[in-house]
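Step one of this worksheet: look at the structure below.
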Amino acid sequence: MSSDLETRTRYEPSEAEPRVFERWEQSGRFHPEPEGTPEENYSIAIPPPNVTGALHMGHALNGSIQDALIRHARMQGRNAKWILGTDHAGIATQTQVERMLRSQGTSREEIGREAFIERTWEWREQYGGTIIEQYKRLGASADYTEERFTLDSAYAHAVQKVFVDLFAKGLIYRDNYMVNWDPGSRSAISDLEVEEREVTDTLYYVDYPLESGRGSLTIATVRPETMLADTAIAVHPDDDRYTRLVGETAILPIVGRRLKIIADPYVKPGFGTGALKITPGHDPNDFEIGRAHGLEEISAIGEDGRMTPEAGERFQGMTALEAREAVVAALREAGAIARTEPYTHNVPFSHRSGERIEPLISLQWFMRMEELVEPAIEVVTSGRIKIHPENWTRVYLNWMENIRPWCISRQLWWGHQIPVWYRGEETYCGMEAPEGEGWVRDPDVLDTWFSSGLWPFATLGWPEDTPQLRAFYPTDVLSTGREILFLWVARMIMFGIEFAGDIPFTDVYLHSIIQAPDGRRMSKSLGTGIDPLALIEGGPRPPVYGSGAHPPGEFPAYGADAVRFGLLAMSSSQDVRFNEDKVAQGRQLANKLWNASRLVLLRAPDELPQPQASTVEDAWILSRLQRAKAATERAFETFEFHRAVLGLYDFVYGELCDWYLELIKPRLYADDNAEVSAVALHVLSETLALAHPVIPFVTEEIWSFVPGSGGLLMAQPFPAADEALIDDVAEAEIARAIEAVEELRGGRDRVGAPPGRTLEARLDAGGYDRTLDAVARLARVEWSTNGTQPVATVPVPGGSIAILTSDAVDTEAEARRTAAARQRLDGEIARAEGKLANRGFVDKAPAQVVEAERAKLARLRSELEALD
RNA sequence: GGGCGGUUAGCUCAGCUGGUCAGAGCGCCUGCCUUACAAGCAGGAGGCCGGGGGUUCGAGCCCCUCACCGCCCACCA
């Protein structure tokens, strides 16, 4: 294997990653034994992806986050379990299978419920494993040995138990109530599955004649077809225009129904005509008003989206849209339409099917939330559960405080069937079918979110008292997108407290949403989505992703580490545009680590002493390493993953490779290099361990070449910062040397020195005692004490360096350059002097800030002086 | 209608409690096939930190306000 290291100058993720994953999985370390307490252990329950799903960017980002957290905890020596599984995803899955059936020329109605469910299970067998395999490709160190599915029999048992218990407590009830009817999936959906879209409709002004014959009342509506179900007209109680009419009766055009004119403060006098038709059967507000006033509820539109017999013979069977046209035509004919105007407003649509929601009254199961909400609020206000970023806490609390009943029944076949049976007037709720003949089970299934609300504990075996539950519940972190904070997170908290007896997790991390490069949502239908696997293994790059350095065509095979790095680097603010450069940056980092390791490993002797700093650069890199470790640790603690990865990148490039390795090359190439090898290897090993949670593959691969490493990097301790190794003196000296080298290189360039040429230079600055040779070598100069006139002078910390020789010097340009440098220094000196002359600054600023300013001034002055 | 983010180099973004904070990656320009890496190395150009007020000795960083952009929540026909 070591031949790879010698010959390969490029790290090949596609070659290494599958091999490394194999080793991990074989090691059994993804599966923790259910030992110890939840406090000692660490666990994360994955937001279960839909079985129907394929890995998208959201999964990949969240997977990268969770895996980083899990690996970090595991390396800290904690028994770490990443609970894995998939969700049966009622509507989504049923839709997919129905589509398949249609393509086969049949339908679910045709084959019947039992066969349909069977087909769906088959479908799941065939396609349900896809996303799990994709998580593996990402490097997810989840517990694959205990994969869960929300329809597994044990899980179903938990769901039934929760329902039965809540029913017994009276929190679940059945009622005729206004629901969001989704004509697309032919099911009720919850408020949270409704999305508002802006639509321009026509606002019709319709005259409703008064029964008294004394004129008419004009109302405004965008849905004239619903007037067939009107049962009243409402005006505001203080609306002087109408108060005299309250209690009178109007006649519903076309239908002729008598409508009472009522007063209700809900009506906005300023909107439309100030008179509102009340349709309790088809409008949520009207429904409330109707119940408050005891109005009749008429259902003119049925669950099939067509007009019911109650709409009248003329309209029965029409779709709502057809009925609208017919009603308008009839009204026009009767001269009842006063006028029309275009009207733009928000209209509810189904999140799932995309169809316009039809509010209607339906017999559904509901869950009362007040009792469960209270403790779920308390655990957050008390800080037992922390939400990150913090400002989402208020959003959570606000929603919880205004919570409404949850419609939990769905008119689907795929899901947890409601454990309720009916016989005549009797209703039975229980885990098993009731004894006796003639019972019919409720055909509806539960909202998918009802079952996924039990995820953190049902996956661990609840309601049984299992070792897994005892070892890993409560879990530690729940990482997810904020769009399901209410849909899912809030419900897990409520169910967790109520049924598992404790909060389900202590931290909720709401990650960024990654958008397409043009700022739109990543979506299949828009063509703005990309497949993370295409990034990892190579694949099509859609047009919106192609530009500049990344033209449309194919993604290169970046590898999983690069994708993980890139996604974490992008995840800073709440909405972030996908940036392929960041992924490329991750690939460069992997490659850099690989090559840095080659430099160190291929030269390290077999016998190494204890690593110990013997030079200033050794002390420097050890000191910088401690800072990198502390910064990484802090980033993990605060869920600031972009800082963790970009900080690592900066350390590896800006300190380890660009400077430390360059500084030690002469020592490394010497015959007796054991001492420096020991330090270099130590720093390399710690860096690999530090980076492992975010780029696990390449670090693990390199680790296998580290002499004496033995075992897996994933099982090594996570490096902790050692304060004792912080060395401010060494840091200052190397910082100074680096600046001098950079200044000199710039100077060389300006005097036109060929890259290979060694120049004569004179150091007119202090503080370089231990770095003289290093500066000379890295800047390719030879120190001289020659007092001749320099061809160029560069300012460096503590003075200046005079460049004495050169082949082709543009003295004029260099003079301009020196003048510019002088001008800059003059300016900075003036600014510093001004600051220090300011009494306010000297008196009020902290002493150390003032001191630093004085030191800065002194330094600038000496640099200016040295230029002359 | 309420709330939350964002507006910093050509592009995508960092800038933690206000004091070397004006940065990174990519792109661009100039050199280098220097014995870890050409998917590399070195150097360089490029920004009144969205506009306007204010607080402060000192403000991308705090306050107010305006303007756009994005998202979440919300029962105005």
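To find a chain, count down the sequence lines: A is the first, B the second, and so on, and within it residues start at 1. Because only heavy atoms are used, hydrogens play no part in the values below, and waters and symmetry mates are left out as well, while side chains stay in.
Checking U12(B), G31(B), G19(B) against the side-chain heavy atoms of R577(A) singles out U12(B) as nearest. The side chain of N346(A) sits closest to A74(B) out of C41(B), A74(B), G19(B). Between U34(B), G15(B), C37(B), one nucleotide has an atom nearer to the side chain of H642(A) than all others, and that is G15(B).
When both distances must be under 3.5 Å, the Watson-Crick or G-U wobble mate of G43(B) is C29(B). Of all nucleotides present, none satisfies the Watson-Crick or G-U wobble test against A77(B) with each distance under 3.5 Å. Across every strand in view, C21(B) sits unpaired, with no contact that passes the Watson-Crick or G-U test at under 3.5 angstrom. The partner of C49(B) is absent, by the rule that a Watson-Crick or G-U pair needs both atom distances under 3.5 Å. The partner of C4(B) is G70(B), by the rule that a Watson-Crick or G-U pair needs both atom distances under 3.5 Å. Nucleotide A59(B) forms no Watson-Crick or G-U wobble pair with any nucleotide shown, as no partner meets the under 3.5 Å limit on both distances.
Going from atom CD of E196(A) over to atom C1' of G2(B) covers 14 Å, rounded to whole Å. Rounded to whole angstrom, the span from the CG atom of N595(A) across to the P atom of C33(B) amounts to 19 Å. Distance K268(A) NZ to G1(B) P: 12 Å, rounded to the nearest Å. We find that CG of D575(A) is positioned 12 Å from P of G5(B), with the value rounded to whole Å. Here U12(B) presents its P atom at 11 Å from NZ of K582(A), a figure rounded to the nearest Å. When the P atom of A38(B) is taken as reference, atom CH2 of W594(A) falls 14 Å away, rounded to whole Å. One atom, CG of D749(A), and another, P of A42(B), lie 13 Å apart when rounded to the nearest Å. The distance between atom CD of E6(A) and atom P of C37(B), rounded to the nearest whole Å, is 13 Å.
Residues P846(A) and T221(A) both approach RNA chain B. Their nearest nucleotides, taken by heavy-atom distance, put P846(A) toward the 5′ side.
Taking the C1' atoms as reference points, U34(B) lies 42 Å from G19(B), given to the whole Å. Rounded to whole Å, the separation between the C1' atoms of G25(B) and G40(B) comes to 16 Å. With both ends at atom C1', the span from U56(B) to G46(B) equals 32 Å, rounded to whole Å. Nucleotides G53(B) and A59(B) place their C1' atoms 14 Å apart, quoted to the nearest Å. Nucleotides C13(B) and C32(B) place their C1' atoms 30 Å apart, quoted to the nearest Å.
The distance from the CG atom of D264(A) to the CD1 atom of I278(A) is 7.0 Å, given to the nearest 0.5 Å.
The residues R736(A) and E731(A) are annotated as not salt-bridged, no charged nitrogen and carboxylate oxygen being separated by less than 4.0 angstrom. Of the charged side-chain nitrogens involved, none lies within less than 4.0 Å of a carboxylate oxygen, so that E743(A) and R745(A) do not count as a salt-bridged pair.
Judged by distance alone with a 3.5 Å cut-off, a donor-acceptor contact links the side chain of R10(A) to the base of A39(B).
Residue L276(A) is classed as a base contact, given a heavy-atom separation below 4.0 Å to a base. Contacts of R745(A) with the nucleic acid, taken as non-hydrogen atoms under 4.0 Å apart, involve only primed sugar atoms and P, OP1 or OP2.
Using cut-offs of 30° and 60° for the angle between ring planes, the H388(A) and F639(A) rings count as tilted. Using cut-offs of 30° and 60° for the angle between ring planes, the Y649(A) and F565(A) rings count as tilted.
Because its NZ or CZ atom is not both nearer than 6.0 Å to the ring centre of Y208(A) and within 45° of the ring axis, K277(A) does not count as a cation-pi partner of that residue.
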